[in-house]
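The structure appears below as structure tokens.
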Amino acid sequence: MSSGQPRDGQIRVIIIGAGLGGCAAAMAMHYQGFHVTVFEKIKKFLRLGDSLGLGENALKLLKRWGLHEQLVKIGNRSPNMNIRRWSDGKILATQPLMDMAGYIGHRGDYHQAFLDRVAELGIDIKMGHNVISFNEEKPSITLEDGREFEADIIIGADGIKSQTRELVLGFADKPKSSGYACYRAYFKGDILRSVPQCQPILERDCVNIWIGPDTHLVQNTLRDGEEFNWILTHKDDEDIQESWFQPGDMNKVRESIKDWDPMIVSAVNETRECLDWKICYRDPIPTWVSKSHKIALLGDSCHAHLPTSAQGASQATESAAVLALCLKLAGKGNIPLATRVYEKLRFERVRQAQLNGEDVRDRWHSCLKNLEEGKEVDPEDVKMKNRWLYVFDAEKETLEKWDRVSAIVKKELAEGKVTPLFDSSTGPTRNLELYDAYGNRKADTKLIPKKQQPVTAVH
Ligand SMILES: Cc1cc2nc3c(=O)[nH]c(=O)nc-3n(C[C@H](O)[C@H](O)[C@H](O)COP(=O)(O)OP(=O)(O)OC[C@H]3O[C@@H](n4cnc5c(N)ncnc54)[C@H](O)[C@@H]3O)c2cc1C
């Protein structure tokens with residue numbers, strides 16, 4: 001149980017941040033029998049964000065924690081999605097939604113479902129509690145009001161601007177521009193009811209993606225047109241802030257897509273307001289765990305994804321399951337073993353999900369640019385290839401690898417020399433491993449070229 005005082009011998013867990021990652025960690029830890037307290041700096045959550053994908057890899061774990069039907073109901077019910085040419089809407093490829101982003105729903109609705117389940121389990125979320133410092137050794141956290149709370153392990157699920165990450169790294173590395181930004185709008189479908197040209201994409205749940213040179217637009221219609229969302233990704237040539245609240249200039253958006261397929265132009269033209277969101281990423285870091293081995297990162301604080309990976313929340317959920325199971329297997333007296341096995345088990349998997357997102361973005365943005373005169377697009381060149389990520393069972397894999405990886409970690413801890421997650425002279429891999437739809441590894445890999453703007457720091 002998580003409410004009340006911890007029982008004798010029970011592992012005490014503090015989680016910083018009650019986003020989707022923090023909530024998933026709270027559920028996973030609770031189900032392993034630990035005493036969990038979550039500290040969240042926001043006083044009250046709003047329905048923020050827009051479309052977010054939850055893949056089967058996350059759903060199978062969430063189901064074990066009693067959260068499934070509630071989530072499926074939130075997601076898009078369309079069986080397929082279409083990838084279209086920007087200029088005329090010609091369908092270049094059609095693929096099952098479940099091979100792509102999984103269940104795409106409103107982030108705020110998913111977040112609320114996660115929060116409700118955490119509350120149902122009796123896990124204490126302390127809202128309006130801003131964590132400002134840490135004691136690594138105890139370990140403990142201190143709040144803005146000076147109160148200190150101690151636990152056996154502290155988990156920093158505090159998002160892309162994570163403070164815990166700074167502690168783990170020993171210095172501040174700011175989120176960086178990916179070179180792209182999105183205009184994003186989510187609104188009631190009513191305002192489109194009288195627009196004849198967009199009726200085909202308003203009448204029932206559907207997902208369409210228009211691709212063009214260095215740009216793409218994702219459209220998501222939910223609840224048979226009750227809610228409508230579009231996200232236009234474009235080259236980031238302005239120094240906007242990384243913020244979920246930065247308003248976008250609708251005149252600029254309308255101007256930038258005026259020559260596009262009239263079906264989506266008609267919907268964008270009617271849109272009253274949008275956000276301008278800089279897509280930021282964080283470089284992979286050589287460790288996810290503090291020097292004392294008792295403070296660990298999880299979710300966007302250590303493995304933010306591009307939107308085209310459609311895996312940010314799903315990978316955070318996998319990390320939650322793996323860390324909880326490692327803690328269970330290692331036991332209360334052996335937290336360092338758990339955290340160090342956790343980072344080793346997670347790093348490569350997460351890296352592949354990140355690279356997969358870069359690959360799809362690059363394919364979408366270059367496919368029409370590189371097309372020879374008179375040639376048709378090969379549908380395989382523009383499909384999202386996420387199916388292999390979904391067959392994975394994070395808990396099963398942890399059980400299978402525990403003996404081997406924990407033996408390595410025990411040796412490293414005994415020698416006082418933990419191997420970094422990647423070689424700093426080469427950096428993390430940029431080779432995307434290729435899998436078939438059943439999750440079987442193919443022999444070859446694909447090099448994903450680094451494609452970033454000269455780095456603009458954001459805050
Ligand atoms: C406002 C918002 C909107 C988003 N919209 C989308 C979307 O539309 N589509 C999409 O795919 N992804 C979206 N994302 C990203 C997506 O939610 C994440 O990639 C994924 O859910 C994993 O998130 P996380 O829990 O690791 O981090 P986050 O969701 O960022 O959660 C981190 C939490 O930690 C809290 N926190 C931070 N610092 C402290 C502190 N010092 N003390 C206490 N609490 C702290 C924050 O308030 C926050 O609630 C959004 C994220 C945010 C924050």
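As the structure lists them, so they are numbered: ligands from 1, and atoms in each ligand from 1. Since this is a predicted model, take the numbers as computed values, not measurements.
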Query raised in the report: Hey, which of K383, M81, R387, K385 is the one that makes side-chain contact (heavy atoms from CB on, under 4.5 Å) with M100?
Result: M81
Report task. For ligand 1, list the protein residues that place a heavy atom within a distance below 4.0 Å of one of its atoms, sorted by chain and number. Result -> I16, G17, G19, L20, G21, G22, F39, E40, K41, I42, F45, L48, G49, D50, S51, L52, R107, H129, N130, V131, A157, D158, G159, Q163, R184, W244, G299, D300, A313
Report task. Answer yes or no on whether R349 is positioned over the face of F392, meaning its NZ or CZ is under 6.0 Å from the six-membered ring centre and within 45° of the axis. Result -> yes
Query raised in the report: For S319, what residues pass the side-chain hydrogen bond (donor to acceptor under 3.5 Å, both in side chains) criterion, not counting sequence neighbours?
Result: H303, R346
Query raised in the report: Would D190 and R223 pass as an ion pair if we require N to O under 4.0 Å?
Result: no
**Report entry** Ring centers of Y183, H234 separated by less than 6.0 Å
**Finding:** yes
Query raised in the report: So, do Y103 and Y110 have ring centers that fall under 6.0 Å from each other?
Result: no
